[in-house]
Trainee: 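Provided herewith is a single structure, encoded as structure tokens, for subsequent inquiry.
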There are 2 protein chains.
Amino acid sequence: MMSHMRYCCLMAVDREHVLRSAADLLTRKATATMDEVAKAAGISRATLHRQFAGRDALVKALEELGLRQLEEALDRARLDEGAASDAVRRLVVEVQPVAGFLAFLVTENQLFEGEQQHQGWARIDERFAVLFRRGQEAGEFRIDLSPAWLTEALYGLIGAGAWSVQDGRLAAKDFSYMIVELLLGGVRRSVER
Amino acid sequence: MMSHMRYCCLMAVDREHVLRSAADLLTRKATATMDEVAKAAGISRATLHRQFAGRDALVKALEELGLRQLEEALDRARLDEGAASDAVRRLVVEVQPVAGFLAFLVTENQLFEGEQQHQGWARIDERFAVLFRRGQEAGEFRIDLSPAWLTEALYGLIGAGAWSVQDGRLAAKDFSYMIVELLLGGVRRSVER
DNA sequence: CGCATGTGAGACATCATTGTCTCATCCGCT
DNA sequence: AGCGGATGAGACAATGATGTCTCACATGCG
């Protein structure tokens with residue numbers, strides 16, 4: 001099988017592109033139809049159904065790809081090296097390309113009503129929290145804001161950033177600066193800056 | 001008309017309660033059925049349909065009430081009085097009761113596909129931005145983070161907070177502290193604290 | 001008590017979405 | 001040119017949501 005690695009128009013690439021546009025669309029309009037998702041991706045509904053059995057399969061694939069890419073971004077950010085502040089900076093930079101995915105996943109993850117919290121998500125939560133805890137123990141971060149809250153807050157900021165970029169209210173090149181500076185330093189002017 | 005102000009079980013109150021539970025539910029599960037919305041509010045689907053012609057009417061009412069309550073919260077916060085930092089603090093405190101609404105509105109507001117951005121929303125945006133600009137001009141806030149971004153970021157933080165409280169990851173009493181401290185001071189320890 | 005109003009439960013037709021199918025077409029490859 | 005694989009367009013039934021209806025019941029009021 002797979003004797004020909006040449007693809008007709010696009011193939012493995014297409015799958016990712018489809019998921020990317022689906023995430024973009026579903027982030028804004030969670031009730032979007034399969035037909036709308038297909039059109040947003042520039043393919044027909046038939047092809048969409050060939051790649052993903054149904055809406056559930058699409059969302060699951062969306063989660064898997066998003067979580068995987070997010071984990072890869074965290075790997076690249078080397079969260080356990082150097083100063084925690086710098087690690088946060090690297091983290092946001094690496095996360096930017098997947099920020100759309102992250103925004104979607106954050107809003108959609110509790111969609112799993114009674115089921116257990118997707119464990120892949122818990123792992124990512126933990127990696128964020130570990131970083132913040134490390135910064136606290138190193139005396140670099142304040143200790144009156146819990147790692148769990150900082151994790152949620154960073155999700156929120158990244159989502160807001162992705163959102164703003166998508167709407168043209170924020171230049172993509174300012175994405176990481178705006179997020180990191182606000183998260184680390186806050187809005188208040190301080191003498192040490 | 002309206003000769004009897006006595007209500008059977010609840011009436012005007014009920015409407016608000018319905019909208020409140022609808023916001024809570026739809027924030028978590030945007031694809032929720034009218035039937036689910038009705039059950040979440042503790043009423044029958046028939047009654048829900050009597051109060052709101054359909055899903056669109058429900059969402060529109062949701063927006064109107066949410067925006068109105070949000071504006072009222074901003075009024076109470078007296079954003080133009082005293083130090084900008086204190087105004088931010090009052091703002092978050094006043095917004096907390098409507099944070100669920102706000103989280104819903106933020107995610108759902110672009111649901112209006114081609115139509116114009118709901119103008120009521122633009123007004124609220126502006127009030128936030130004015131506050132941040134005032135803080136900057138007073139030398140209280142740093143000037144390298146644009147008021148527009150700070151507005152979006154605060155939405156994100158409030159949403160994350162509402163979200164965390166709803167899931168029990170954050171105590172309701174810590175809501176405003178966690179948000180305000182992070183927004184104003186950031187996570188980095190600084191000498192002036 | 002009798003009436004009016006609002007409600008819950010359910011039946012029902014209608015509509016939209018979904019999932020599956022077929023068929024014509026296009027493109028890369030041999 | 002001929003072939004294989006993938007696609008787009010559309011038909012189709014099945015499913016689910018929606019909107020409207022009726023009826024029985026409860027509650028407040030005169």
Side-chain angles (χ1 to χ4, degrees), chain A residues 1-63 104 108 111-115, chain B residues 1-63 104 108 111-115:
Chain A
M1 57 171 68
M2 275 294 157
S3 52
H4 49 300
M5 296 311 293
R6 228 62 215 113
Y7 34 81
C8 176
C9 299
L10 289 171
M11 218 174 65
V13 176
D14 227 18
R15 182 185 162 89
E16 182 162 324
H17 168 253
V18 169
L19 289 174
R20 224 163 244 291
S21 11
D24 282 354
L25 174 60
L26 292 176
T27 301
R28 295 193 307 269
K29 182 171 161 59
T31 62
T33 291
M34 292 292 277
D35 202 54
E36 295 177 282
V37 173
K39 264 197 273 291
I43 63 177
S44 72
R45 196 167 65 95
T47 303
L48 181 60
H49 264 282
R50 283 183 194 110
Q51 292 188 336
F52 307 99
R55 192 193 190 73
D56 295 343
L58 175 66
V59 173
K60 178 166 293 189
L62 226 37
E63 285 185 335
F104 169 75
E108 200 80 355
L111 181 134
F112 286 76
E113 311 169 32
E115 312 177 24
Chain B
M1 57 171 62
M2 276 294 159
S3 52
H4 48 300
M5 297 309 294
R6 226 65 214 108
Y7 33 82
C8 173
C9 301
L10 289 171
M11 217 175 65
V13 177
D14 226 19
R15 181 185 164 88
E16 183 162 323
H17 168 253
V18 169
L19 289 174
R20 224 162 244 291
S21 8
D24 281 354
L25 174 61
L26 292 176
T27 301
R28 295 194 307 268
K29 183 171 161 59
T31 62
T33 291
M34 292 292 277
D35 201 55
E36 295 176 281
V37 173
K39 264 197 274 290
I43 63 177
S44 73
R45 196 168 65 94
T47 303
L48 180 60
H49 264 282
R50 283 184 194 109
Q51 294 189 334
F52 307 100
R55 191 193 191 74
D56 295 343
L58 175 65
V59 173
K60 178 166 294 189
L62 226 38
E63 286 185 334
F104 169 76
E108 200 80 355
L111 180 135
F112 287 76
E113 310 170 30
E115 311 178 25

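So that the names make sense, note that chain A is the first sequence line, chain B the second, and so on, each numbered from 1. Because the structure is predicted, anything quoted here is derived from the model rather than measured.
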Trainee: State the OG-CZ distance between Ser44(B) and Arg50(B), to the nearest 0.5 angstrom.
Mentor: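 Ser44(B) OG to Arg50(B) CZ: 6.0 Å, rounded to 0.5 Å.
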Trainee: By side chain to side chain donor-acceptor pair (under 3.5 Å), which residues pair with Arg45(A), not counting sequence neighbours?
Mentor: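 Applying side chain to side chain donor-acceptor pair (under 3.5 Å) to Arg45(A) gives none.
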Trainee: What does nucleotides 15-21 of chain C look like as a protein-contact string, B for base, S for sugar-phosphate only, - for none, at under 4.0 angstrom between heavy atoms?
Mentor: --SBBB-
Trainee: Compute the angle between the rotation axes at the two ends of the helix from dC1(C)-dG30(D) to dT30(C)-dA1(D), each taken over five pairs, rounded to 10 degrees.
Mentor: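 Taking the rotation axis at each end, their angle is 20°.
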Trainee: Could you give the CZ-to-P distance, from Arg15(B) to dG6(C), as a whole number of Å?
Mentor: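 Distance check: Arg15(B) CZ to dG6(C) P gives 15 Å.
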Trainee: Rounded to whole angstrom units, what separation is found between the NZ atom of Lys39(B) and the P atom of dG8(C)?
Mentor: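 In whole Å, dG8(C) P and Lys39(B) NZ are 12 Å from each other.
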Trainee: Output all residues satisfying side chain to side chain contact (heavy atoms under 4.5 Å, CB included) with Ala40(B), sequence neighbours left out; order by chain, then residue number.
Mentor: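 Per chain and number, Ala40(B) pairs via side chain to side chain contact (heavy atoms under 4.5 Å, CB included) with Leu25(B).
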Trainee: Using side chain to side chain donor-acceptor pair (under 3.5 Å) as the criterion, list what pairs up with Arg55(A), not counting sequence neighbours.
Mentor: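 Not a single residue meets the side chain to side chain donor-acceptor pair (under 3.5 Å) criterion with Arg55(A).
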Trainee: Rounding to a whole Å, what distance do you find between Leu48(B):CG and dT18(D):P?
Mentor: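 Nearest whole value for this atom pair: 10 Å.
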Trainee: Nearest 0.5 Å, what's the CD-CG distance between Glu36(A) and Leu26(A)?
Mentor: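 It is 9.5 Å, given to the nearest 0.5 Å.
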Trainee: Go through dG8(D), dG8(C), dT7(D) for me and flag the one nearest to the Gln51(A) side chain.
Mentor: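 It is dT7(D).
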Trainee: For a 4.5 angstrom cut-off between non-hydrogen side-chain atoms, does Leu19(B) reach Glu16(B)?
Mentor: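 Answer no - side chains too far apart.
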Trainee: Under a 4.5 Å cut-off applied to non-hydrogen side-chain atoms, are Lys60(B) and Phe52(B) in contact?
Mentor: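 Answer no - side chains too far apart.
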Trainee: Please determine if a side-chain N or O atom of Thr47(A) lies less than 4.0 Å away from the OP1 or OP2 oxygen of dG8(D).
Mentor: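 Checking Thr47(A) against dG8(D): at least one side-chain N or O falls below 4.0 Å of OP1 or OP2.
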Trainee: Does Ala53(B) have any side chain to side chain contact (heavy atoms under 4.5 Å, CB included) partners at least two apart in sequence or in another chain, and if so, which?
Mentor: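 Side chain to side chain contact (heavy atoms under 4.5 Å, CB included) check on Ala53(B) returns Ala57(B).
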